[in-house]
Each structure stands twice: as C-alpha cells, then as structure tokens.
2 protein chains.
Amino acid sequence: MERSTRQRTAIAQALAAVGQPMLPQELLLEAQKSVPNLSLATVYRNLKGLIEDGVVDVVSLPGEATRYESHRHHHHHHFHCSSCQKVFDIDACPGDLGHLLPPGYVLEEHQLTFYGRCAACTA
Amino acid sequence: MERSTRQRTAIAQALAAVGQPMLPQELLLEAQKSVPNLSLATVYRNLKGLIEDGVVDVVSLPGEATRYESHRHHHHHHFHCSSCQKVFDIDACPGDLGHLLPPGYVLEEHQLTFYGRCAACTA
DNA sequence: GTGGATGCAAACTCTTTGCACCTTG
DNA sequence: CAAGGTGCAAAGAGTTTGCATCCAC
C-alpha cells in the first residue's frame, strides 16, 4: 500500500500535533519543520493516501478552501471563527433532522457549520 | 449604480426562472438563450453586482463549486441530491443551536447542508 | 457623447500531473 | 535492486482582471 517516508510521517504528525483542521499551505509550513524542503505537491499526494487509509479526514466548509484534520471517531461539526479564521471541532449535533425535509426526500447525511467568535477571540 | 443591460437582465431572469441554485456555467447556458454570445466573465461580473444589490444570493456548499440563486427572504438551508447533483432549498431550520457550542463561543450564524436523494430521484 | 459594460484573452489561485531522480523494503 | 515516493515545473479547473470596443442613458 503506502510506504512510510519521512514526508508522510511529518505530514501526519503535523496534523495530529495541531489538532485542528489545517489548510495544505499551513500544513506544509508545519511539516517543513521536520522535512525542510518538503513540497506542496507531496503534501497533497500524501493527504490523498492518508485519507484513503482513514487516518485523515477532509474538512470542506462553505466558501472556504479545503482543510484536513486527523481522523476523529465521532460524528462532529465545525465552527469557523470570523475573527481568527481558524476552524474548530464541535462535538455536538442537533440529532435527527429528517423531519425538516419535504415529503419524498431521503436524508443520508448532514453537515452543520457554525460561524461566530471562538473562545479565545471573545475573551 | 448598475446599468440595465440585456446581459444583466438575461442573467437575473435565468436565475429566477430556474428557481434553484445554479452553477455559473449552467447560468451561462441558460442566459445564452436570450443573449447568444454572452461570456462567462460577464456572468461573473453581473453576479457580483446582483449580489451587492441583494437580488442574488451566494450558495456555497461544502466541497461544491459556488452556486447562485435568486434572493429568498427567509432563512433557509440546502439539500444536495447525491443522485442528480442538484441543490434544493429547504425552508426549515432546527432553530437555536447556540447550546451546542462550548462555553465562550459566540454564535453568529449557522449553515446546514443536507445530503441524500431528492423526491424526484427517490421515486 | 461619455462612462460604464462587454468580450476576449491573459492572469491568478488552488490542486493535480509528468518526469527524472532518490529512497524504502 | 525494483517499485514506489519526491521535487520541480508545467498543466488544469474555476474565477478574476486588463484593455479596446460597444452601448445605455
């Protein structure tokens, strides 16, 4: 399957260390602390592999560039801070939402995005 | 402010006629029925103006290219059909969601996206 | 008639891919 | 040592912008 390279390790560890959804560019900078001449193309290639292995999840929020985070076991949502622009995990969910749909629609999944100010920016 | 051109009219009418969120490319094809050599750049430029005027709303769903729809007066959400790939408006909302956030977070807005099969594709 | 709008093509951003070289197993 | 991974640069998709021309007011 996938070989264990310094690059792949650095990328997975950077994501795990930060513990928040990250942009490929941010991830590149973070991972370059261990592998200085890491390239952005390699970040993208490894992310793809890590996602297939279930180690990394894609976080795509409306109107935002795609971010990536270490895989979480629980269903969760995201909060986008309008001040610092960072994205935070929210481990809560309103639950069954199927009743909001018109008759005939079949609900398979849902995604909720919150916008506002994070705790750090509010303080 | 904004001049009333054949292009602008065609774009606004195409959007209103379809009554669903549309991709710029889809909108181009639809509006070209009235203005044959309409260009994609003009579609983008007019969308920007129509949005500023409050006539058109941006619909950006996670992992999807940005769509546009005629302005709706009510807060609403969107349903993305996994079969026909179209996007539908959902005029319902679970309501107050602030209690789902950790202490210190201030909620300003939220966006809910439903995924599944629309009524037409389920039938 | 004049300034804003249009069409075309080039520029930009984000992501992917081709290719020669390097590294893991 | 061979297969797969890497870095760099070029190629793609979606969107924006520069510029000469055109048209609404």
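Below, chains carry the letters A, B, ... as their sequence lines are ordered, and counting in each starts from 1.
- In terms of heavy atoms, B:F114 sits closest to B:H77 at CE1-CB, 4.1 Å.
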Shorter than 3.5 Å, N or O on both sides, protein versus nucleotides 21-25 of chain C: list them out with atom names.
from: C:dT23; atom 1: O2; to: A:R3; atom 2: NH1; distance (Å): 3.3
from: C:dT24; atom 1: O2; to: A:R3; atom 2: NH1; distance (Å): 3.2

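- For B:A10, the side chain to side chain contact (heavy atoms under 4.5 Å, CB included) partners two or more places apart in sequence, or in a different chain, are B:A31, B:S34, B:V35.
- In this structure, CG of B:L23 is placed 8 Å from P of D:dT15, rounded to the nearest angstrom.
- With DNA chain D read from its 5' end, the first of the two nearest nucleotides for B:Y68 and A:V43 is the one closest to A:V43.
- Candidate nucleotides D:dC19, D:dT6, C:dT16 were compared by shortest atom distance to the side chain of A:Q7, and D:dT6 ranks first.
- Under the 4.5 angstrom side-chain criterion for Ile, Leu, Val, Met, Phe, Trp and Tyr, the cluster partners of B:V87 are B:V59, B:L61.
- The base of C:dG7 sits within donor-acceptor range of the side chain of B:R45, with an N or O pair under 3.5 Å.
- Every residue meeting the salt bridge (Lys or Arg N to Asp or Glu O under 4.0 Å) condition with B:K33, not counting sequence neighbours, appears here in chain and number order: B:E30.
- The interatomic distance linking B:K48 (NZ) with D:dG14 (C1') rounds to 13 Å, in whole Å.
- Remark: B:H71 pairs with B:D57 by the side chain to side chain donor-acceptor pair (under 3.5 Å) rule, at least two apart or across chains.
- Axis angle between the ends of the helix from C:dG1-D:dC25 to C:dG25-D:dC1, five pairs each and rounded to 10 degrees, works out to 30°.
- When the side chain to side chain contact (heavy atoms under 4.5 Å, CB included) test is applied to A:Q85, the partners found at least two apart in sequence or on another chain are A:H80.
- Residue pairs satisfying the side-chain hydrogen bond (donor to acceptor under 3.5 Å, both in side chains) criterion with at least one member in residues 6-19 of chain B, sequence neighbours excluded, are listed as follows: B:E2-B:R8, B:R8-B:D53.
- Side-chain N/O atoms of B:R8 and base N/O atoms of C:dG4 include no donor-acceptor pair closer than 3.5 Å.
- Annotation: salt bridge (Lys or Arg N to Asp or Glu O under 4.0 Å) contacts of A:R67 (sequence neighbours excluded): A:E64.
- With distances taken from any side-chain atom of B:Y44 to the nucleotides D:dT16, C:dT16, C:dT6, the minimum falls on D:dT16.
- Under the side chain to side chain contact (heavy atoms under 4.5 Å, CB included) criterion, B:E26 pairs with B:M22, B:L23, not counting sequence neighbours.
- Using a 4.5 Å heavy-atom cutoff, the side chains of A:H78 and A:D89 are in contact.
- One interatomic measurement links the two molecules: CG of A:N46 to C1' of C:dT16, which rounds to 14 Å at whole-angstrom precision.
- A heavy atom lying under 4.0 Å from DNA chain C marks the following residues of residues 24-41 of chain B, by number: B:N37, B:L38, B:S39, B:A41.
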Distance-only check: which donor-acceptor pairs under 3.5 Å involve side-chain atoms of residues 90-109 of chain B, not counting sequence neighbours?
from: B:D96; atom 1: OD1; to: B:G98; atom 2: N; distance (Å): 3.2
from: B:E108; atom 1: OE1; to: A:S82; atom 2: OG; distance (Å): 3.3

